[in-house]
Amino acid sequence: MNNRVHQGHLARKRFGQNFLTDQFVIDSIVSAIHPQPGEAIIEIGPGLGALTERVGARMDRMTVIELDRDLAARLANDSSLKDKLTIYQQDAMTVNFAAMAKQAGQPLRVFGNLPYNISTPLMFHLFIYTQAIRDMHFMLQKEVVNRLVSGPDSKAYGRLSVMAQYYCNVIPVLEVPPISFTPAPKVDSAVVRLVPHSVMPNPVSDVHMLSSITTQAFNQRRKTIRNSLGYLFTPVQLMELGIDASLRAENISVAQYCKLANWLSDNSAPQQ
């Protein structure tokens, strides 16, 4: 028997399809989301509808974004769901979530069992739209969740940690073993809740500057900040900002990275 076939559908490797089948995990995720009628609920990657059916049972309407045309068609013909669903058969990386929130007249509640191969770039895409999002609940590779929640002085702490925590309060919800899926992935998974900050704890004037600084620092994470960011800051400037130049990228807090970004924005030469 082909263990990549579930409910008559062959899981496609190129879409990173692993279908959630554990009823306890499904119930736990739906309880964590706690969807309510009238909310603007958006599911990314509904697949065969394991979460869609449970959430949809509580909703009058919901929206799903599914890249696989066969699965989108299957959902469109589901007798219990088809009258409730608005289906976008497209790549979630191309979706304008701000436009969806404007159309809904309220912030979005986004959830999904995200394919591991696109989870990180999709998170960065969603961060662009946090002003239009109330909260997000995602099933991700456990390693990615560890990176999202990690603080300084941890090997898991990196650019994703800084950017996620800049935009959101990040809360781990549930760990999920491989046996909860068909086909079973080779890695552990976890569910995480991301709640965009209503008031930014460390506002920056140019988020692109923050993104650039963290990219440069963590691309050379074995080097000290004196070396990895030496072309941007002198040791004296770092000292004046309260940052030890002998520290490495993983030792610098989110607040300190934001301070660096703001200093650079304030002191960059104007464009001619």
Side-chain angles (χ1 to χ4, degrees), residues 6-7 9 15 17-115 118-119 122-123 125-126 129-140 168-171 173-174 176 180-182 189-196 198:
H6 182 59
Q7 296 182 13
H9 180 81
F15 291 155
Q17 291 175 345
N18 298 90
F19 300 111
L20 184 60
T21 54
D22 186 313
Q23 296 305 310
F24 173 78
V25 172
I26 292 168
D27 288 342
S28 298
I29 295 171
V30 176
S31 294
I33 298 169
H34 194 58
Q36 298 295 306
E39 294 176 337
I41 298 285
I42 313 291
E43 182 178 12
I44 297 175
L48 291 167
L51 290 171
T52 321
E53 289 178 359
R54 298 294 180 86
V55 173
R58 303 187 183 196
M59 306 300 297
D60 300 317
R61 299 290 307 171
M62 65 180 290
T63 298
V64 298
I65 302 164
E66 176 56 65
L67 178 59
D68 188 322
R69 68 179 66 186
D70 293 338
L71 292 176
R74 185 167 175 152
L75 287 168
N77 291 306
D78 186 302
S79 59
S80 65
L81 289 170
K82 63 181 181 180
D83 294 332
K84 296 183 175 185
L85 296 184
T86 299
I87 302 172
Y88 289 85
Q89 195 265 300
Q90 68 183 92
D91 185 345
M93 291 287 291
T94 67
V95 172
N96 183 329
F97 290 93
M100 293 180 76
K102 183 177 181 180
Q103 183 177 6
Q106 61 178 300
L108 308 176
R109 305 197 65 205
V110 186
F111 75 97
N113 173 19
L114 299 187
I118 66 153
S119 59
L122 182 55
M123 300 295 292
H125 179 67
L126 286 160
Y129 299 104
T130 48
Q131 290 186 332
I133 294 173
R134 176 177 146 190
D135 60 20
M136 299 177 275
H137 292 80
F138 293 127
M139 174 89 73
L140 300 164
C168 300
N169 185 21
V170 186
I171 307 153
V173 174
L174 177 71
V176 184
S180 299
F181 301 88
T182 299
S189 304
V191 179
V192 66
R193 177 186 293 120
L194 298 104
V195 183
S198 55

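Because the structure is a prediction, the values reported are computed rather than measured. Computed over heavy atoms, backbone and side chain alike; hydrogens, waters and symmetry mates excluded.
Interatomic distance, CD of Glu43 versus CD of Glu66, reported as 8.5 Å (0.5 Å rounding). Atoms CZ and CD1, from Arg74 and Ile87 in turn, are 13.0 Å apart once rounded to the nearest 0.5 Å. Taking CG of Leu51 as the reference point, atom CE of Met62 lies at 8.5 Å (rounded to 0.5 Å). Note: Arg134 CZ to Gln106 CD = 8.5 Å, rounded to the nearest 0.5 Å. If you take CD1 on Ile33 and CZ on Arg109, they are separated by 7.5 Å, rounding to the nearest 0.5 Å. Note that CG of Asp135 and OG1 of Thr130 are 12.5 Å apart. Values are rounded to the nearest 0.5 Å.
In plain terms, the two heavy atoms of Asn113 and Met139 that are nearest each other are OD1-CG, 3.4 Å. Closest heavy-atom contact between Glu53 and Leu81: CG-CD1, 3.8 Å. Nearest heavy-atom pair across Pro196 and Ile133 is CG-O, 3.3 Å. In this structure, Ala72 and Gln89 approach most closely via the heavy-atom pair CB-CG, 3.6 Å. Closest of all the heavy-atom pairs between Val173 and Val192 is CG2-C, 4.1 Å. Looking at every heavy atom in both residues, Pro107 comes nearest to Ala40 through O-CB, 3.9 Å.
Remark: Ser31 engages no residue in a side chain to side chain donor-acceptor pair (under 3.5 Å) (not counting sequence neighbours).
Looking at Leu122 and Phe138, their side chains never come closer than 4.5 Å, going by heavy atoms from C-beta outward. Looking at Phe181 and Ser189, their side chains come closer than 4.5 Å, going by heavy atoms from C-beta outward. Put simply, the side chain of Pro35 reaches to within 4.5 Å of the side chain of Val30, judged on heavy atoms. Side chains of Leu75 and Leu71 form no contact here, defined as non-hydrogen atoms less than 4.5 Å apart. The side-chain heavy atoms of Leu85 and Thr52, taken from C-beta on, include a pair separated by under 4.5 Å.
Other residues, nucleotides and ligands contribute at most 12 non-hydrogen atoms within 6.0 Å of the CD atom of Gln131.
Using a distance-only test at 3.5 Å, with no hydrogens or angles considered, a donor-acceptor pair links the side chain of Arg61 to the main chain of Asp83.
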Show me the donor-acceptor pairs, under 3.5 Å and distance only, between side chains in residues 92-100 and residues at least two apart or in other chains.
{"from": "Thr94", "atom 1": "OG1", "to": "Gln90", "atom 2": "NE2", "distance (Å)": "2.9"}
{"from": "Thr94", "atom 1": "OG1", "to": "Asp91", "atom 2": "O", "distance (Å)": "2.7"}
{"from": "Asn96", "atom 1": "OD1", "to": "Ala98", "atom 2": "N", "distance (Å)": "3.0"}
{"from": "Asn96", "atom 1": "OD1", "to": "Ala99", "atom 2": "N", "distance (Å)": "2.9"}

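With hydrogens and angles left out, the side-chain atoms of Arg54 and Gln23 include a donor and acceptor closer than 3.5 Å.
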